[in-house]
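Everything on this sheet refers to the single structure shown next.
We count ligands from 1, going down the list as the structure has it; atoms in each ligand are counted the same way. In what follows, every heavy atom counts, from backbone to side chain, and hydrogens, waters and symmetry copies are set aside.
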Amino acid sequence: MSKSLQAIRGMNDILPEQTPLWRYFESTVARLCDNYGYKQIRTPIVEFTELFKRSIGEVTDIVEKEMYTFEDRNGDSLTLRPEGTAACVRAVLEHGITGGGQTQKMWYIGPMYRHERPQKGRYRQFHQIGCEVFNLDGPDIDAELIVLTWRLWGQLGIRDAVKLELNSLGTSESRGRYREALVEYLSAHLDKLDEDSQRRLKTNPLRVLDTKNADTQAVLVDAPKMADYLDDESRVHFEGLKARLDAAGIPYVINPKLVRGLDYYSKTVFEWVTDKLGAQGTVCAGGRYDGLVEQMGGKPTPGVGFAMGIERLILLLETLEQVPEEISRQVDVYLCAFGEAAELAALALSEKVRDQLPNLRLQINAGAGSFKSQFKKADKSGALYALILGDDELGQQVIGFKPLRGQGEQQNIAFDALAAHLATCVVQG
Ligand code: HAM
């Protein structure tokens, strides 16, 4: 195939064989969000570039080098959304739905775009499901978000493979004081820092804590600790969150170096990480962003949320072999018809059955074919039963009913009794 007809690097098709697992995952999360009282929000995939610059932060990797930004025909600078929080903040401001201190609990799903170096678990178009909560400032809601994800890992059968890392970045005041102390310490060891960290020291010093460079890590061992700079408000909040996680029986580790790659966080930050996927092990991440709405021009409005990477979680389900068998079966019954008269009768009969059993997954053979070839297709479809209609059956107004997996003899069922019979043997979702 010529190069121009390939998908863009890092942007993947999700093929028909893969979508049952995606839909299983998505519907599991959607149900859970509903059950915890979150309502879905849908925002555009493209926003003004300014939105992301002002919320995520000018000196973050995302804004500095990963955004898909272009000018539209009006000369406006637009960007494909690299994440979902910024748009939620814009939407609540634009529609005034957090005005007067009104609580909003929302969730979203969709593709996000970042021009990163593609590798396993890291793509340029990837999908997130996220939750955001506005106007609740206590640790109870931070805990609820974490509890919700913990329940999800349980439902998906991956609890043992993920670990919760937790930190508090404090209020902006306490973080400011910590930043000063960190800059002072690191400046005294400037020659031992890697090039990237030297640059970050000037632009976004907290991100130096994130370094993978061994020499810089060695310097950080004796660096001031964020926990020592937390003010009382942040400390009480963090203790409140830990107490709730303990009460819910959710294990966690405190990671004082967890700072996150987006600038809007304050107080709680957390990541769910796995060691089963190689380098891209963070499957879900989030935290509190109490200053963001105000920074974007609104009234002071606390916010907290998370987003999970669907591709990474799908990979984890596959790696751990936690893909439920039944989700790949898409057909309950496959109808084989032989000859034009039988085909016409099959169509009419199927539509009657569908009227009575709206959830039945009934596939009619298309493209005619011999007995052998239709039967092969019935088997390959994964159906539990085949229905067989030829001239003989048509003459008697019956249809052959043949179990394809497991026991049971073929039998003839009267047209009128077919729906009732199917209802007894096919579990309908
Ligand atoms: P984030 O850490 O940038 O946070 O992304 C959240 C999750 O999205 C990551 O933990 C990962 O699972 C997935 N992810 C990120 N980049 C990629 C990629 N290139 N390929 C595949 N998966 C990826 C946020 O986006 C924040 N908006 C989360 C948040 C919501 N904080 C508060 N509310």
Side-chain angles (χ1 to χ4, degrees), residues 8-12 14 25 29 33 38 41 43 47 51-52 55-57 60-63 65-68 80-92 104-134 136 141-142 144-146 148-149 152-153 158 162-165 167 169 207 210 258-274 276-293 302-317:
I8 296 163
R9 193 162 116 85
M11 304 204 183
N12 301 311
I14 302 162
F25 178 81
V29 187
C33 291
Y38 291 71
I41 181 170
T43 63
E47 299 269 358
L51 173 68
F52 301 116
S55 55
I56 297 169
T60 54
D61 284 351
I62 295 180
V63 171
K65 48 190 184 196
E66 294 171 0
M67 295 206 300
Y68 281 90
L80 295 183
R81 62 183 183 193
E83 58 101 60
T85 311
C88 289
V89 168
R90 185 210 31 80
V92 299
Q104 287 290 340
K105 289 169 60 167
M106 50 181 67
W107 70 277
Y108 52 86
I109 177 170
M112 308 289 161
Y113 301 85
R114 296 184 194 175
H115 195 272
E116 298 193 80
R117 197 167 48 78
Q119 55 178 273
K120 181 182 167 192
R122 188 161 74 187
Y123 310 102
R124 290 181 174 172
Q125 175 183 274
F126 60 97
H127 297 77
Q128 286 185 342
I129 297 186
C131 286
E132 312 291 348
V133 180
F134 295 94
L136 288 172
I141 194 69
D142 304 20
E144 176 177 281
L145 289 162
I146 293 173
L148 186 158
T149 50
L152 176 64
W153 315 143
I158 57 174
V162 290
K163 193 176 78 177
L164 176 61
E165 296 194 357
N167 194 20
L169 301 180
R207 288 304 305 278
D210 235 8
L258 182 63
V259 289
R260 309 276 300 122
L262 304 92
D263 273 358
Y264 48 61
Y265 292 107
S266 57
K267 294 186 181 159
T268 311
V269 286
F270 66 90
E271 291 190 351
W272 285 100
V273 293
T274 180
K276 303 280 187 279
L277 295 180
Q280 304 306 317
T282 307
V283 292
C284 174
R288 192 160 263 290
Y289 45 87
D290 287 345
L292 183 57
V293 174
V304 58
F306 67 75
M308 59 184 84
I310 303 185
E311 282 81 357
R312 291 185 191 176
L313 284 157
I314 296 270
L315 274 172
L316 190 56
L317 288 174

[X] versus [Y]: any side-chain heavy-atom pair under 4.5 Å?
| X | Y | answer |
| --- | --- | --- |
| V304 | L145 | yes |
| V133 | E144 | no |
| L258 | Y265 | no |
| F306 | I146 | no |

Might you confirm whether atom NZ of K276 has over 12 heavy atoms from other residues, nucleotides or ligands at distances under 6.0 Å?
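Yes, NZ of K276 has more than 12 neighbouring heavy atoms, counting only those of other groups under 6.0 Å.
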
Run down the list C284, A307, A87, G261 and name the one with the heavy atom closest to atom 7 (C) of ligand 1.
A307

Pick whichever of F126, Y264, W272, Y265 has a heavy atom sitting closest to atom 14 (N) of ligand 1.
F126

Which of the atoms in ligand 1, numbered in the order shown and given with their element, are less than 4.0 Å from a heavy-atom of [X]?
| X | value |
| --- | --- |
| G121 | 20 (N), 21 (C), 22 (N) |
| L262 | 3 (O), 4 (O) |
| G286 | 31 (N) |
| R122 | 19 (N), 20 (N) |
| A285 | 2 (O), 10 (O), 28 (C), 29 (C) |
| E83 | 25 (O), 26 (C), 27 (N) |
| Q128 | 5 (O), 6 (C), 7 (C), 8 (O), 24 (C), 25 (O) |

When you measure from the side chain of R124 to the backbone N and O of E116, does any donor-acceptor pair fall under 3.5 Å?
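Confirmed, R124 side chain pairs with E116 backbone.
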
Only pairs under 3.5 Å count here: list side-chain donor-acceptor contacts from residues 280-287, not counting sequence neighbours, and write none if there are none.
from	atom 1	to	atom 2	distance (Å)
Q280	OE1	R312	NH2	3.2
Q280	NE2	Q119	OE1	3.2
T282	OG1	E271	OE1	3.4

Give the minimum heavy-atom separation between I314 and F25, together with the two atoms involved.
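In terms of heavy atoms, the two residues are closest at CD1-CB, 4.1 Å.
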
Closest approach of Y123 to E311 (non-hydrogen atoms, all atoms of both residues)
CE1-CB, 3.6 Å

For ligand 1, is there an N or O atom under 3.5 Å from any N or O atom of [X]?
| X | result |
| --- | --- |
| Y108 | no |
| E116 | yes |
| Y123 | yes |
| G309 | yes |

For atom 9 (C) of ligand 1, which protein heavy atom lies nearest, and how many Å away is it?
T282 O, 4.0 Å

Can a donor-acceptor pair be found between the side chains of Y289 and T85 at a distance below 3.5 Å?
no

Decide whether the shortest distance between a heavy atom of R260 and an atom of ligand 1 is less than 4.0 Å.
yes

When rounded to the nearest 0.5 angstrom, what is the spacing between OH in Y113 and CD1 in I8?
9.0 Å

Decide yes or no on side chain to side chain contact (heavy atoms under 4.5 Å, CB included) for H127 and I14, but give the supporting numbers first.
CA-CA 11 Å; H127 297 77; I14 302 162; 4.1 Å; yes

Select one of side chain, backbone, both or neither to describe which atoms of [X] lie under 4.0 Å from any atom of ligand 1, heavy atoms only.
| X | answer |
| --- | --- |
| E132 | side chain |
| F306 | backbone |
| V283 | backbone |
| E311 | neither |
| E271 | neither |

